[in-house]
Every structure is written in C-alpha cells, then in structure tokens.
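Let me begin by presenting the structure, written as structure tokens, before commenting on it.
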Amino acid sequence: MAIQDEYAEDFAWCYGCGRLNTEGHQFRTAWNGEETVTLYRPKQVHTAIPGFVYGGLIASLVDCHGTGSASLALHRKNGFEPGSGEAPPRFVTASLQVDYLKPTPQGIALKAVGKIEEIHPKKFKVKIEVFAGETLCATGEVKAVVMPASFAK
C-alpha cells in the first residue's frame, strides 16, 4: 500500500503524487524492505525529444518520491504502516537536487529507489536513484520537512 493513498483528502491534490488530482502523475511510494520504491510509466506527452523522457518529469518523480519516503519513515518511526488506519504525516520539500546521468528512454517503466536519513525529528534527507529498466538515469536528494500547521488552514 502506498503512503499517498493514506493522505487526508485536503492534502491529496499534488500534481505529482495526489491521488485526487486526475490530471497529475499520481506517483505512489511504498516500502521495499528498508528502501522505498515508486514505479511509474511515463506517457508519450512526457517527451523531451522523440524517444526520451522530459527532465521535468524526472525531477517531479524525485521530488514526490522524496516527500513520500519521508512520510513513510516518520509514520514507521511513530509505530505505524500504511493501512494501519492512522493518518501519516505530510511533508513538503525544503530542497530538491537532481543529477541527470543518462538520457531517460521513453517506453520503459521508471523506478525510483529511496534511502532515508533522519537529520532532525521533523526533517529527513532522502537519496534517490531513478532507473529506466536496469539503467541508472538520474540521482537526486530531497530534504523534506513536516508540513507546517499553517498549510492546513
């Protein structure tokens, strides 16, 4: 079960990972052992040049995978898993870095893999690798912070 499926309706509209945003990507992030994973198949409209995926989509995938991974980590630290019935914490991006290593081919499912490091009780750093098939195409880092209460108003 993906953490984004557990976000409260008020916070499920993100263009990247919001399950209620029918125009968005609807990325889904889940545990795979101690790492996190998001799988996504880019659409033809996500083209940079014919045959290759637009870099902005890769950045969006890294961004949402990072905040989803942080949410999973804090939820687990609090003693819960997706599906437990407890609302998970919602994170926002404090910083985003993406390094493009190779052009990302179209027509291949992408897999983002995250490794999580807690750097403060309300701040997490997530290192992310994005693969097209077996090819590592991009790496990234997201620093994510618990959503400020002022966002909930």
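Along the sequence shown, residues carry numbers from 1. This one's a predicted model, so the numbers in the text were calculated from it and none came from an experiment.
- Pairing each heavy atom of Leu61 with each of Thr38, the nearest pair is CD1-CG2, 3.7 Å.
- Under the 4.5 Å side-chain heavy-atom criterion for grouping Ile, Leu, Val, Met, Phe, Trp and Tyr, Ile116 is connected to Leu96 within one hydrophobic cluster.
- In terms of the salt bridge (Lys or Arg N to Asp or Glu O under 4.0 Å) criterion, residue partners of Arg28 (sequence neighbours excluded) are, by chain and number, Asp5.
- Of the inter-residue distances, the one linking Phe80 atom CZ with Ile3 atom CD1 reads 11.5 Å to the nearest 0.5 angstrom.
- Taking OG from Ser69 and NZ from Lys125, the interatomic distance works out to 14.5 Å, rounded to the nearest 0.5 Å.
- Ala30 is linked by a side-chain contact (heavy atoms from CB on, under 4.5 Å) to nothing, counting only residues two or more places apart in sequence or in another chain.
- Residue Leu101 is found in a hydrophobic cluster whose other members, listed by chain and number, are Val113, Phe131, Leu136; membership requires side-chain heavy atoms under 4.5 Å apart, directly or through intermediates.
- Using a distance-only test at 3.5 Å, with no hydrogens or angles considered, a donor-acceptor pair links the side chain of Ser71 to the main chain of Pro89.
- Looking at every heavy atom in both residues, Ile108 comes nearest to Pro42 through O-CD, 3.6 Å.
- The shortest heavy-atom contact between Val126 and Gly66 is CG2-O, 3.5 Å.
- At least one side-chain heavy atom of His75 sits less than 4.5 Å from a side-chain heavy atom of Ser84.
- Here salt bridge (Lys or Arg N to Asp or Glu O under 4.0 Å) pairs that include residues 51-76, with residues two or more places apart or in two chains, are Glu34-Arg76, Arg76-Glu81.
- Remark: Gln97 pairs with Asp99 by the side-chain hydrogen bond (donor to acceptor under 3.5 Å, both in side chains) rule, at least two apart or across chains.
- Side-chain contact between Pro105 and Cys137: present, with at least one pair of heavy atoms (C-beta onward) separated by less than 4.5 Å.
- Under the side-chain hydrogen bond (donor to acceptor under 3.5 Å, both in side chains) criterion, Glu141 pairs with Lys127, sequence neighbours left out.
- Looking at heavy atoms from C-beta onward, Phe11 lies in side-chain contact with Met147 at the 4.5 angstrom threshold.
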Trace of the side chain to side chain contact (heavy atoms under 4.5 Å, CB included) decision for Val145 with Val92: CA-CA 6 Å; Val145 296; Val92 293; 3.6 Å; yes

May I have the list of side-chain donor-acceptor pairs in residues 117-124 shorter than 3.5 Å, sequence neighbours left out?
| residue | atom | partner | partner atom | Å |
| --- | --- | --- | --- | --- |
| Glu118 | OE1 | Lys77 | NZ | 3.3 |
| Glu118 | OE2 | Lys77 | NZ | 2.8 |
| His120 | ND1 | Lys122 | N | 3.0 |

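- The heavy-atom pair separating Cys64 from Phe27 by the smallest distance is CB-CD1, 3.7 Å.
- Ile128 has its side chain within reach of Val142: a pair of non-hydrogen atoms, C-beta onward, lies under 4.5 Å apart.
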Ile58 vs Thr104, side chain to side chain contact (heavy atoms under 4.5 Å, CB included): CA-CA, chis, key distance, verdict: CA-CA 9 Å; Ile58 304 299; Thr104 304; 4.0 Å; yes

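- You'll find the side chain of Tyr7 reaches within 4.5 Å of the side chain of Pro88, heavy atoms only.
- Gly140 and Val62 make their closest contact through CA-CG1, 4.1 Å (heavy atoms, listed as atom of the first residue, atom of the second, distance).
- For Lys111, the side-chain hydrogen bond (donor to acceptor under 3.5 Å, both in side chains) test picks out no residue, with sequence neighbours left out.
- In the hydrophobic clustering, Leu39 connects to Val37, either directly or through intervening members, whenever side-chain heavy atoms lie under 4.5 Å apart.
- Taking Tyr40 as the reference, His25 meet the side-chain hydrogen bond (donor to acceptor under 3.5 Å, both in side chains) condition, with sequence neighbours excluded.
- Within the 3.5 Å criterion, the main-chain N or O of Gln4 finds a donor-acceptor partner in the side chain of Arg19.
- The heavy-atom pair separating Leu72 from Pro82 by the smallest distance is CD2-CG, 3.5 Å.
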Run the side-chain donor-acceptor check on residues 46-57: report pairs under 3.5 Å with partners two or more places apart or on a different chain.
| residue | atom | partner | partner atom | Å |
| --- | --- | --- | --- | --- |
| His46 | ND1 | Lys43 | N | 2.9 |
| Thr47 | OG1 | Gln44 | O | 2.5 |
| Thr47 | OG1 | Gln106 | NE2 | 3.1 |

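- Asn21 contributes a side-chain N or O that, together with a main-chain N or O of Glu23, makes up a donor-acceptor pair within less than 3.5 Å.
- Cluster note: Trp13 groups with Leu20 through ILVMFWY side-chain heavy atoms spaced under 4.5 Å, whether in direct contact or through intervening members.
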